[in-house]
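A short write-up of the structure that comes next.
What you see is a predicted model; the values in this text were computed from it and never measured. Positions are given from 1 along the sequence.
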Amino acid sequence: MKLYEKTASELSEMLRRKKCSALEIYEDVSNRIKSVEDKVGAYITLSDETARKKAIEVDEALAKGEELHPLAGIPIGIKDNISTKGIRTSCASKMLENYIPPFNATVVEKINNADMVVTGKLNMDEFAMGSSTETSYMKKTRNPHDLDRVPGGSSGGSAAAVAAGEAILTLGSDTGGSIRQPAALCGVVGFKPTYGSVSRYGLIAFASSLDQIGPIGKSVKDIAMLQDIISGYDKMDATSKNMEYPKLTDNLTVNAKGLKIGILKEYFGEGVDDSVKESVYKVVKLFEENGAEIKEISIPSANFAMSTYYIISSAEASSNLARFDGVKYGYRAKEYDSLIDMYENTRSEGFGDEVKRRIMLVTFVLSSGFYDAYYKKAKIMQKRISSEFDNVFKDIDIIISPTVVSTAFKIGENIDNPVKMYYNDAFTVTANIGGLPAISLPCAKDEKNLPIGLQLIGKKFSEQTLLNAAYTYENLCGGFNVHSQIL
């Protein structure tokens with residue numbers, strides 16, 4: 001029995017029926033990691049000793065009849081920009097290559113309290129800046145469906161681990177599509193929650209007003225189960241929303257009848273592969289045949305979302321990265337003649353090309369004489385985009401679109417073309433700009449057998465409606481076969 005191919009909800013039920021143990025689940029996943037990790041490269045750091053210990057503790061607790069969380073004993077991988085006490089957290093950067101945090105992120109505390117088994121830290125684009133996981137200082141992660149292609153980014157390791165069976169669930173972070181885009185390219189389910197619904201305390205920030213931690217898994221139910229653990233108010237995060245959070249898993253339903261779906265026409269134009277368009281339209285038809293109401297909508301400002309996103313995110317990144325100067329922690333240059341030299345040499349040597357590119361971009365747009373022309377206009381456009389989304393959601397429940405314009409491209413194909421690389425996030429950045437929840441679901445494969453992603457977007461704090469729509473589609477299409485046939 002290949003336990004690593006099961007969903008989290010299936011394994012949870014098997015544990016309680018004593019059809020397997022938590023240790024057996026972990027060992028099966030661990031053996032899978034040993035078998036394929038040299039090909040995929042999903043992990044930066046493995047935590048075998050602590051994971052094995054936790055699995056044994058879960059088995060002992062279950063044997064005593066103790067009531068545990070449904071996800072207790074389920075293996076989970078953590079993106080390497082989420083702080084884990086005592087486990088290296090590098091952000092896939094030379095700057096933090098040997099950094100071991102003295103504290104856990106709030107989401108990690110919640111995972112530990114639920115007795116999940118942390119398998120290790122997952123590869124990513126350096127400081128979450130990239131769309132292919134090729135900017136990682138540590139290694140290249142490969143798409144399990146075609147090892148010559150990228151897994152997407154920046155949470156490429158998180159998506160690839162699930163697709164390869166190297167984790168049952170993972171956590172990623174999403175600043176402009178960094179959960180949904182790799183989920184689409186790797187054929188798994190990736191969910192970006194509403195901004196403020198999941199604590200960012202302990203997330204090493206890229207762009208603080210856009211970043212959001214979220215789950216990646218094999219099914220919508222798995223996503224709901226993990227989201228129930230990590231969501232909620234946190235006094236340690238000033239942007240955390242203090243409100244009542246519903247139990248998503250308990251309220252999952254299958255019903256397309258009366259669901260009002262908006263088709264965002266700006267996301268079906270030029271530049272989108274025909275196979276992607278056709279696959280998404282088939283899903284729209286499936287919803288319609290089962291009672292959903294379909295309406296074409298327009299958000300004209302969405303055409304300016306990419307420019308808006310890269311100005312705002314780079315500005316915030318520049319501020320957040322200022323702390324890495326060789327003084328307090330992290331990498332420090334070995335050769336320098338003065339304090340200024342140490343700053344310059346440390347940052348020149350410690351940061352990769354993509355990180356430096358974004359710092360230089362914002363140095364320009366925030367400089368005297370250009371602030372009003374660029375950054376101020378970007379903030380105005382952010383409000384306009386958010387307002388347009390609010391208006392369309394008065395008449396619809398969810399928006400449907402492709403997640404990415406195409407399937408996975410080959411490693412090295414776009415790395416020297418930043419504009420082409422950035423365009424991979426064209427359909428995902430709007431949800432971050434507006435603080436909206438969004439999910440990517442596998443919906444088909446192209447002629448090369450590469451996964452195609454479908455994106456659903458909801459209004460703020462409509463997680464239940466969004467996940468119910470996703471769960472409905474999952475049931476209508478007969479479920480998702482997320483595992484690679486290559487490995």
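Among residues at least two apart or in separate chains, side chain to side chain donor-acceptor pair (under 3.5 Å) pairs with a member in residues 121-134 are Asp80-Lys121, Thr84-Lys121, Thr89-Lys121, Ser93-Glu126, Asn123-Ser136, Asn123-Thr141, Asp125-Thr135, Ser131-Asp425, Ser132-Glu134.
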- Query: Can you check side-chain hydrogen bond (donor to acceptor under 3.5 Å, both in side chains) on Thr346 and Arg332, steps first, answer last?
  - Reply: CA-CA 5 Å; Thr346 293; Arg332 177 186 290 180; 5.9 Å; no
Applying side-chain contact (heavy atoms from CB on, under 4.5 Å) to Ile399 and Ile261, what does each step give before you reach the verdict? CA-CA 6 Å; Ile399 294 170; Ile261 299 177; over 6 Å; no
- Item | Evaluation steps, side-chain hydrogen bond (donor to acceptor under 3.5 Å, both in side chains), between Thr119 and Tyr43 | CA-CA 9 Å; Thr119 53; Tyr43 284 89; 2.8 Å; yes
**Request:** For Phe364 and Tyr375, run ring pair (Phe, Tyr, Trp, His ring centres under 6.0 Å): C-alpha distance rounded to whole Å, both residues' side-chain angles, the deciding distance at 0.1 Å, then the answer.
**Result:** CA-CA 10 Å; Phe364 171 73; Tyr375 184 73; over 10 Å; no
- Task: Evaluate the side-chain contact (heavy atoms from CB on, under 4.5 Å) criterion for residues Ile229 and Met116: first the C-alpha distance (whole Å), next the side-chain angles of each, then the deciding distance (0.1 Å), finally the verdict.
- Result: CA-CA 10 Å; Ile229 290 177; Met116 296 189 74; 4.0 Å; yes
One pair to check against side-chain hydrogen bond (donor to acceptor under 3.5 Å, both in side chains): Lys79 and Ser173. What are the steps and the verdict?
CA-CA 7 Å; Lys79 187 174 178 179; Ser173 67; 2.9 Å; yes
Exercise. Does the side-chain contact (heavy atoms from CB on, under 4.5 Å) test come out yes or no for Lys265 and Ile299, once each step is laid out?
Worked result: CA-CA 8 Å; Lys265 70 177 185 179; Ile299 298 178; over 6 Å; no
- Run the numbers on Ser209 and Glu316 for side-chain hydrogen bond (donor to acceptor under 3.5 Å, both in side chains), then give the verdict. CA-CA 8 Å; Ser209 73; Glu316 294 183 13; 2.5 Å; yes
query: Are Ile76 and Leu226 close enough, and set up right, to give a side-chain contact (heavy atoms from CB on, under 4.5 Å), and what steps lead you there?
result: CA-CA 10 Å; Ile76 182 171; Leu226 183 51; 3.9 Å; yes
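For the residue pair Val198 and Ile230, the shortest heavy atom distance occurs at CG1-O, 3.7 Å. Minimum heavy-atom separation, Ser313 to Leu210: CB-CD1, 3.9 Å. Taking both residues in full, the closest heavy atoms of Cys186 and Pro151 are given as SG-O, 3.4 Å, listed atom of the first, atom of the second, then distance. Of all heavy-atom pairs between Thr407 and Asp273, the closest is N-OD2, 4.3 Å. Here the closest heavy-atom approach between residue Phe206 and residue Asp211 is recorded as N-OD2, 2.9 Å. Minimum interatomic distance between Ala333 and Asn345 (heavy atoms only, all atoms of both residues): CB-CB, 3.5 Å.
Counting non-hydrogen atoms of neighbouring residues, nucleotides and ligands closer than 6.0 angstrom, the NZ atom of Lys140 reaches no more than 12 such neighbours. Shown here is Lys328, whose NZ atom has more than 12 heavy atoms of other residues, nucleotides or ligands within 6.0 Å. The environment of Lys459 atom NZ is sparse: at most 12 non-hydrogen atoms of other residues, nucleotides or ligands sit within 6.0 angstrom. Within 6.0 Å of the NZ atom in Lys241, the count of heavy atoms belonging to other residues, nucleotides or ligands does not exceed 12. Residue Asp353 qualifies as open at atom CG: its count of foreign heavy atoms under 6.0 Å is 12 or below. Within 6.0 Å of OH on Tyr374 lie no more than 12 heavy atoms contributed by other residues, nucleotides or ligands.
Residues Ile385 and Phe389 are in side-chain contact: their nearest non-hydrogen atoms beyond the backbone lie under 4.5 Å apart. Leu185 places none of its side-chain heavy atoms less than 4.5 Å from the side chain of Thr403. The shortest distance between side-chain heavy atoms of Leu361 and Val365 falls below 4.5 Å. Ile396 has its side chain within reach of Ile297: a pair of non-hydrogen atoms, C-beta onward, lies under 4.5 Å apart. Contact annotation: the side chain of Met381 never approaches that of Tyr309 to less than 4.5 Å [non-hydrogen atoms, C-beta and beyond]. Between Asp146 and Lys448 the shortest side-chain heavy-atom distance does not fall below 4.5 Å. Counting heavy atoms from C-beta outward, Phe480 and Val220 have side chains that approach closer than 4.5 Å. The side-chain heavy atoms of Val405 and Tyr267, taken from C-beta on, include no pair separated by under 4.5 Å.
Of the inter-residue distances, the one linking Glu354 atom CD with Ser154 atom OG reads 11.0 Å to the nearest 0.5 angstrom. Distance check: Cys477 SG to Leu286 CG gives 7.5 Å after rounding to the nearest 0.5 Å. Taking CD1 of Ile74 as the start and CE of Met225 as the end, the distance is 7.0 Å to the nearest 0.5 Å.
Between the side chains of Gln181 and Ser440, no donor-acceptor pair of N or O atoms lies under 3.5 Å. Donor-acceptor pairing under 3.5 Å is lacking for the side chains of Asp446 and Ser275. Inspection of the Thr428 and Gln455 side chains reveals no N or O donor paired with an N or O acceptor under 3.5 Å. Side-chain contact annotation: Asn468 with Gln464, donor-acceptor N/O pair under 3.5 Å present.
Ring-plane geometry between Phe351 and Phe127 is classed as perpendicular, the angle between the planes exceeding 60 degrees on a 0 to 90 degree scale with a lower cut at 30.
Formation of a donor-acceptor pair under 3.5 Å by the Ser318 side chain with backbone atoms of Ser314 is not found in this model. The closest donor-acceptor contact from the side chain of Asn432 to the backbone of Asp174 lies under 3.5 Å. Side chain of Arg149 to backbone of Leu450: no donor-acceptor contact under 3.5 angstrom is found. Within the 3.5 Å criterion, the main-chain N or O of Gly269 finds a donor-acceptor partner in the side chain of Lys277. The main-chain N or O of Phe461 is found under 3.5 Å from a side-chain atom of Thr194 such that the two form a donor-acceptor pair. At least one donor-acceptor pair under 3.5 Å links the side chain of Arg88 to the backbone N or O of Glu97. The closest donor-acceptor contact from the side chain of Arg200 to the backbone of Ala205 lies at 3.5 Å or more, if one exists at all. Gln212 places a side-chain N or O within 3.5 Å of a backbone atom of Gly196 that can act as its donor or acceptor partner. In this structure a side-chain-to-backbone donor-acceptor pair under 3.5 Å is present from Lys356 to Ser348. A side-chain donor-acceptor contact under 3.5 Å links Thr170 to the backbone of Ser158.
Residues passing the salt bridge (Lys or Arg N to Asp or Glu O under 4.0 Å) test with Glu37 are Lys139, sequence neighbours excluded.
Side-chain rings of Phe268 and Tyr281 approach one another, their centers coming within less than 6.0 Å.
For the ring pair (Phe, Tyr, Trp, His ring centres under 6.0 Å) criterion with Tyr99, the lone passing option out of Phe324, Tyr329, Tyr331 is Tyr329.
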